[in-house]
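Have a look at the structure below before the remarks.
Treat the numbers as computed from the prediction; the structure is a model and nothing was measured.
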Amino acid sequence: MFEAPTYLAITSIAVIGTVHVFCVSFFRRFPAPASWLSDFSSGIGLGYAFLFLLPKIGELSAGLAATGKWEHSLYGYSLLGFLAYYLLEAGREIGVDNRLSLGLDAVALGTYNCLLAITVMQATATSPELYVIGTLAYSLHLFGVNIYLYKTHPGHMSGWLRTYFVASLTVGILIGLNADKSSMLYSIATGLTGGVIIALSLRVKLPDRSSMNTKALLIGVVFAAVAVVVTRY
């Protein structure tokens, strides 16, 4: 039915989806390694935002500029996504579970999962090694996100949130198989999500320095940089 890269992409997303399913169980059984991996994944999130997502938005903006469409709007959408998430986050106490935080996290991470799946599905790489590196980076990044969500929404993350995140990955697969990569909606969604992920990394995933394993964070940044270089070339 599909070409080999499509099967590799679907396998990659299936592996990423297992993080949502088993992350809570891993954290309960191995709290110390899970804490280290959480700080490590914060570094991956920051590296991913600045070394991959923002340059990607620049590429999309350049493509739109070549056709005379909204030359700089995607960075505006990124700023809008950042401010929307940041200001809403500022309105509630970090670590406190309430409807606002639950809805905000569900929408932000659900959209992120969907776009992640679209990105993987539309990758043109045919080398299994590139998919392995990308899958590992995405999985470790989402591990840290899930740990934070479990600490903030323990009851929901033990139940429907995990199913919701896996479903959003599935929606991304379907969109990635059928959507036009040059679609304006895809570009706008990427821009908005870029701002959300930056805000998420800075305000939510990145812990206070006093409680953070700095080495794990920096190793995560280096890992993200290497992953970006390898997957691009």
Side-chain angles (χ1 to χ4, degrees), residues 10-46 48-49 81 84-86 88-120 134-175 193 196-208 210-213 216-217 220 223:
I10 293 176
T11 301
S12 173
I13 296 170
V15 172
I16 293 170
T18 61
V19 174
H20 294 306
V21 177
F22 297 108
C23 181
V24 172
S25 298
F26 183 88
F27 178 74
R28 288 172 175 170
R29 187 169 183 179
F30 307 104
S35 179
W36 190 95
L37 285 173
S38 180
D39 292 336
F40 174 71
S41 76
S42 295
I44 292 179
L46 291 172
Y48 169 78
Y85 195 95
Y86 185 90
L88 286 172
E89 275 290 308
R92 58 104 169 179
E93 184 180 350
I94 299 299
V96 175
D97 188 12
N98 55 46
R99 291 184 178 180
L100 172 61
S101 65
L102 176 62
L104 192 61
D105 291 334
V107 172
L109 273 302
T111 303
Y112 172 66
N113 274 287
C114 185
L115 276 176
L116 186 155
I118 293 173
T119 300
V120 174
T135 301
L136 182 60
Y138 284 129
S139 297
L140 289 171
H141 170 56
L142 284 176
F143 180 87
V145 175
N146 277 264
I147 292 298
Y148 164 78
L149 291 177
Y150 176 69
K151 292 178 179 179
T152 308
H153 317 291
H156 298 293
M157 265 307 288
S158 298
W160 68 273
L161 267 181
R162 290 186 293 176
T163 303
Y164 164 71
F165 289 146
V166 173
S168 64
L169 286 171
T170 304
V171 171
I173 292 176
L174 297 176
I175 295 176
T193 303
V196 170
I197 293 303
I198 293 173
L200 181 68
S201 295
L202 293 177
R203 276 192 63 79
V204 179
K205 284 188 74 278
L206 190 60
D208 293 333
S210 59
S211 61
M212 177 181 61
N213 187 321
L217 175 77
F223 180 90

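Pairing each heavy atom of V21 with each of R162, the nearest pair is O-NH1, 2.7 Å. Residue I175 comes nearest to C114 through the heavy atom pair CD1-SG, 3.9 Å, listed as atom of the first residue, atom of the second, then distance. For the pair A34 and F143, the tightest heavy-atom approach, listed with the atom from each and the gap, is O-CE2, 3.6 Å. Listed here is the closest heavy atom pair of Y164 and A106: OH-O, 2.8 Å. Here the shortest heavy-atom pairing between S168 and G110 reads CB-O, 3.4 Å.
Remark: the backbone N or O of S38 is paired with a side-chain donor or acceptor of S41 at under 3.5 angstrom. The backbone N or O of P154 lies less than 3.5 Å from a partner atom in the side chain of S158, making a donor-acceptor pair. For the pair T111 (side chain) and V107 (backbone), a donor-acceptor distance under 3.5 Å is present.
The line from CZ of F40 to CG of L37 is 7.5 Å long, rounded to the nearest 0.5 Å. Here the CD1 atom belonging to I118 is positioned 11.0 Å from the CG atom belonging to N113, to the nearest 0.5 angstrom. Atoms OH and OG, on Y150 and S25 in that order, are 9.0 Å from each other to the nearest 0.5 Å. To the nearest 0.5 angstrom, S12 atom OG is 10.5 Å from I10 atom CD1. The CZ atom of F27 sits 11.5 Å away from atom CG of N146, with the distance rounded to the nearest 0.5 Å. To the nearest 0.5 Å, atoms OG1 (T152) and CE (M157) are separated by 10.0 Å.
Note on ring orientation: taking the six-membered ring where Trp is involved, the planes of F26 and F30 are tilted (angle from 30° to 60°).
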* To do: Kindly determine whether F165 and L149 satisfy side chain to side chain contact (heavy atoms under 4.5 Å, CB included), including the steps that lead there.
  => CA-CA 12 Å; F165 289 146; L149 291 177; 3.6 Å; yes
* Criterion side chain to side chain contact (heavy atoms under 4.5 Å, CB included) on Y138 and V120, from CA distance to verdict -> CA-CA 10 Å; Y138 284 129; V120 174; 4.0 Å; yes
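Between H141 and the options I16, I44, L136, V19, a side chain to side chain contact (heavy atoms under 4.5 Å, CB included) holds for only I44.
Side-chain atoms of L116 and L142, non-hydrogen and from C-beta on, do get closer than 4.5 Å to each other.
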